[in-house]
Amino acid sequence: MTNPYPDVLLHIGGTWRPAAAGETMNIENPVDQSVLGQLAHARIADLEQAVDSAARAFPAWKASSPFDRFKLLRRAADLLRERADRIATLMTLEQGKPRAEARLEVLAGADIIDWFAEEARRSYGRIVPARLPGVEQLVLKEAIGPVAAFTPWNFPINQAVRKISGALAAGCSIVIKGPEETPGSPAELVRAFVDAGLPEGVLNLVYGTPAVISEFLIPHPAIRKISFTGSTQVGKQLAALAGLHMKPATMELGGHAPVIVARDADVEHAARTMVAAKFRNAGQICVAPTRFLVEEPIFEHFVDVFSRTTADIVVGNGLDDSTSMGPLANARRVVAMEEFTADATEKGAQLVAGGARVGNAGNFFEPTILSHVPTDARAMNEEPFGPLALINAVDSLDAALEEANRLDYGLAAYGFTRSAANSAKMEAGITSGMISINHYGLALPEVPFGGIKDSGNGTEGGADALDAYLNTKFISRNHATR
Ligand code: NAD
């Protein structure tokens, strides 16, 4: 039988190849920590070649017509769709999420490529009326230059596809550091672009030691733009390094999403919608709902429906069709869940459900619900990034808004209410990059995706996303003297 998980190589200068020094690292299956395969580990010599390739490929790619880039990106999206089943299996093996979720991620990735393909054709400039006769003033959009991008393991395709598609659509070349723990599916994403006919050197994929790669790529003179998705702590370091070298940096960082459930909300709908959102990808999502702030009169009802719905979740191997929540992607997250739960209960929180590992092998952890969680519990302040729901009662909408805005995070927030006035109050009152009222309505290709405050800056979705990869160039032309 052929191995469903082939070893993963680097892609540099149009060639799939091992690291120059032949080094590799293990790729583990989170279901049982067995070794799935080997990943090529890039060192400085490989990185130099990757940047050199991106720099050499940039002028011709920048000069290519947006229409040609559109056609190529559309081909890549179609290839990704054709290969979705196989790529989803790779993703489940390396990351743990159920196959159905993995498949949706691949297909959503194809939709994101399509969106950026279309946006490439709309990278318009404008004409500014001049003060003098014979003068023309043009504002042009130009590809910013070779990009260095860094993406994490929670959405191996969806974090990478936003950066790759944005850069390529704008006319930029790119060196992307993929996630070392889940490298197979993003390598297949890169393969879709390569097989669609992307010129060599335009897209380069490396894996290795994250800090070594970022410290080499970010200051490198050929690199003109940085884009990172990951933790706030690392993001701040990389943004500081980018700032030191005067390079614009898009940062998609952590979150700690509040969910305000007003007393007039449809409680059943709110609880069911939020259980699905909370435990998708085992809670390892930057926009995962985390702090539930439920008005007192409906608190018991909400906790009851939330815990009964959570009890239906089937934890298991993502390759089994009956599984609705897989293992956590790495052993670090299991330790983190144990520590968050112990700390919260020691400080007085009530354990409503879960709270423990499942089995002796793999990174399985129960869907966990804590209520009456004190504000000084670690989980109320640090991003849990796992299957942990924290449900507290609040005595008013104002109290809920105050708690929602207490943290320095500002990525996603959710609200449930039947009243337009309460909805307006939440929309205006929550300090957050994205707010979804009465449903889970985030992350479509055509809408903005990004945070504020410690959750980062910039958007990786919607009509503004291409701008991150474009310079504005102003030209003033005087015809009168010709
Ligand atoms: P981590 O902080 O070690 O790593 C987070 C990501 O950043 C990883 O992809 C890692 O490869 C990368 N990274 C780390 N150091 C780097 C460096 N010096 N240069 C370049 N890249 C670097 O944490 P982790 O244990 O992998 O993940 C845990 C935390 O990360 C979570 O609690 C969550 O806050 C955050 N996270 C956020 C997202 C997101 O979508 N915003 C995704 C994954 C992880």
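All ligand and atom numbering here is 1-based and tracks the order in the structure. Heads up: numbering here begins at 1 and tracks the sequence.
Any N or O atom pair closer than 3.5 Å counts here, and Thr229 shares no such pair with ligand 1. Among the atoms of Gln237, none of the N or O lies under 3.5 angstrom from an N or O of ligand 1. Close N/O approach between Gly254 and ligand 1 is not found [any backbone or side-chain N/O within under 3.5 Å].
The shortest separation from a heavy atom of Arg333 to ligand 1 is under 4.0 Å, placing the residue in contact. The closest approach between a heavy atom of Glu252 and any atom of ligand 1 is below 4.0 Å. A heavy-atom separation below 4.0 Å is not found between Glu181 and ligand 1. Ligand 1 lies within reach of Gln159, whose nearest heavy atom is under 4.0 Å from it. For Phe155, the closest heavy-atom approach to ligand 1 does not fall below 4.0 Å.
We find that Lys347 and Asp376 are not joined by a salt bridge, their nearest charged nitrogen and carboxylate oxygen being 4.0 Å or further apart. Using a cut-off of 4.0 Å between Lys/Arg side-chain N and Asp/Glu carboxylate O, Lys236 and Asp454 are scored as salt-bridged.
The option from Gly451, Pro179, Gly456, Gly230 that lies nearest to atom 37 (C) of ligand 1, judged by heavy atoms, is Gly230. The heavy atom nearest to atom 32 (O) of ligand 1, out of those in Phe385, Phe150, Phe228, Trp153, is found in Phe385. Between the choices Pro156, Pro210, Cys286, Ala211, the shortest heavy-atom distance to atom 39 (C) of ligand 1 belongs to Cys286.
A donor-acceptor contact shorter than 3.5 Å links the side chain of Glu101 to the backbone of Asn281. Under a 3.5 Å cut-off, the side chain of Asp464 and the backbone N or O of Asp467 do not form any donor-acceptor pair.
In this structure, Phe292 has its ring center closer than 6.0 angstrom to the ring center of Phe306. The aromatic ring centres of Phe385 and Trp153 sit less than 6.0 Å apart.
Of the protein's heavy atoms, Ser214 OG, 3.6 Å lies nearest to atom 17 (C) of ligand 1.
Taking a distance limit of 4.0 Å, we find that atom 23 (O) of ligand 1 is approached by no protein heavy atom.
Of the inter-residue distances, the one linking Gln49 atom CD with Arg17 atom CZ reads 4.5 Å to the nearest 0.5 angstrom.
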